[in-house]
Participant: 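The structure is given below, and queries will be raised subsequently.
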Amino acid sequence: MHKTSARRFARYRTELPIIVKVLGPDGYVRVHGRCFEIAEAGLGAVITSELPAGEMVTVEFTLPGSSDPYVLRAVVRHRMGFLHGFEFVGLLPDQREQIRALCHKLPPA
């Protein structure tokens with residue numbers, strides 16, 4: 001059986017360090033990883049912990065050419081081992097536009 005999926009936004013290849021902050025029993029935990037693809041609505045990353053789908057997190061990364069890190073809320077949409085798909089939640093219009101501008105400079109995934 002062949003499964004097709006229609007994505008709302010194209011994905012683009014990138015290589016960015018990322019920090020994912022997760023609320024644990026003793027407060028927030030910082031999980032380090034690498035973002036390997038990004039889109040206007042989210043990103044794919046390999047991180048050093050396995051988070052369940054539906055988990056609300058904060059993702060922190062710095063776009064190339066910027067000195068200020070993005071700190072965004074996101075939800076884990078899927079996980080396969082340490083590979084996670086995050087969807088941004090509550091992006092501001094200027095944040096979305098800056099991510100869109102970066103995407104158009106990157107090769108498609």
Participant: Gly81 and Glu50: which non-hydrogen atoms are nearest, and at how many Å?
Facilitator: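 Between these two residues, the closest heavy atoms are O-CG, 3.4 Å.
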Participant: Heavy-atom distance under 4.5 Å between the side chains of Val20 and Leu51, does that happen here?
Facilitator: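 Yes, their side chains come closer than 4.5 Å.
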Participant: Run the side chain to side chain contact (heavy atoms under 4.5 Å, CB included) test on Val59 and Phe88 for me, step by step, so that the C-alpha distance in whole Å, both residues' side-chain angles and the decisive distance to 0.1 Å come before the verdict.
Facilitator: CA-CA 9 Å; Val59 294; Phe88 301 136; 4.1 Å; yes
Participant: Nearest 0.5 angstrom please: Ile99 CD1 to Glu40 CD, how far?
Facilitator: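 Spacing of CD1 (Ile99) from CD (Glu40) equals 8.5 Å.
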Participant: Okay, side chain of Gln95, backbone of Leu92: is any donor-acceptor separation there less than 3.5 Å?
Facilitator: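 Present.
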Participant: To the nearest 0.5 Å, how far apart are CG in Leu23 and CE in Met56?
Facilitator: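 Rounded to the nearest 0.5 Å, the CG-CE separation comes to 11.5 Å.
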Participant: Looking at residues at least two apart in the chain, or sitting in another chain, which of them share a salt bridge (charged side-chain N to carboxylate O under 4.0 Å, His left out) with Arg34?
Facilitator: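 Testing Arg34 for salt bridge (charged side-chain N to carboxylate O under 4.0 Å, His left out), a comparison that skips the adjacent residues, returns Glu15.
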Participant: Glu97: what forms a side-chain hydrogen bond (donor to acceptor under 3.5 Å, both in side chains) with it, not counting sequence neighbours?
Facilitator: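 Listed in chain order: Arg100.
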Participant: When you group the ILVMFWY residues by side-chain heavy-atom contacts below 4.5 Å and let the links chain together, are Phe61 and Leu102 in the same group?
Facilitator: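 In one cluster: yes.
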Participant: What do the steps show when you test His84 against Phe82 for ring-ring contact (aromatic ring centres under 6.0 Å, His included), and what is the final call?
Facilitator: CA-CA 6 Å; His84 294 73; Phe82 295 110; 7.6 Å; no
Participant: Report the distance from atom OG of Ser49 to atom CZ of Arg30, rounding to the nearest 0.5 Å.
Facilitator: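 Separation between the atoms: 13.0 Å.
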Participant: Under the criterion side-chain contact (heavy atoms from CB on, under 4.5 Å), which of Ile38, Leu72, Val75, Val57 is the partner of Phe86?
Facilitator: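 Among the candidates, only Val57 passes.
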Participant: Set out, in order, the CA-CA distance, both residues' side-chain angles and the distance that settles side chain to side chain contact (heavy atoms under 4.5 Å, CB included) for Glu55 and Val22, then state yes or no.
Facilitator: CA-CA 8 Å; Glu55 179 94 26; Val22 184; 3.5 Å; yes
Participant: If you compare all heavy atoms of Pro69 against all heavy atoms of Glu60, which two are closest, and at what distance to 0.1 Å?
Facilitator: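 In this case the closest contact between Pro69 and Glu60 is CB-CG, 4.1 Å.
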Participant: Please answer: with hydrophobic residues joined when any side-chain heavy atoms are less than 4.5 Å apart, are Ile18 and Phe36 in the same cluster?
Facilitator: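 Different clusters.
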Participant: Determine, step by step, whether Thr62 and Ser67 satisfy the side chain to side chain contact (heavy atoms under 4.5 Å, CB included) criterion, reporting the C-alpha distance in whole Å, the side-chain angles of both residues, the deciding distance to 0.1 Å, and the verdict.
Facilitator: CA-CA 7 Å; Thr62 302; Ser67 59; over 6 Å; no
Participant: Linking I/L/V/M/F/W/Y whenever their side-chain heavy atoms sit closer than 4.5 Å, directly or via other members, would Val76 and Val29 fall into one cluster?
Facilitator: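 Linked, Val76 and Val29 end up in one cluster.
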Participant: Tell me, please, which residues at least two apart from Thr58 pass side-chain hydrogen bond (donor to acceptor under 3.5 Å, both in side chains).
Facilitator: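 Applying side-chain hydrogen bond (donor to acceptor under 3.5 Å, both in side chains) to Thr58 gives Arg73.
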Participant: When rounded to the nearest 0.5 angstrom, what is the spacing between CG in Leu63 and SG in Cys103?
Facilitator: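 Output value for this atom pair is 9.0 Å.
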Participant: Any side-chain heavy atom of Arg96 within less than 4.5 Å of one from Leu91?
Facilitator: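 With C-beta onward as the side chain, the pair touches.
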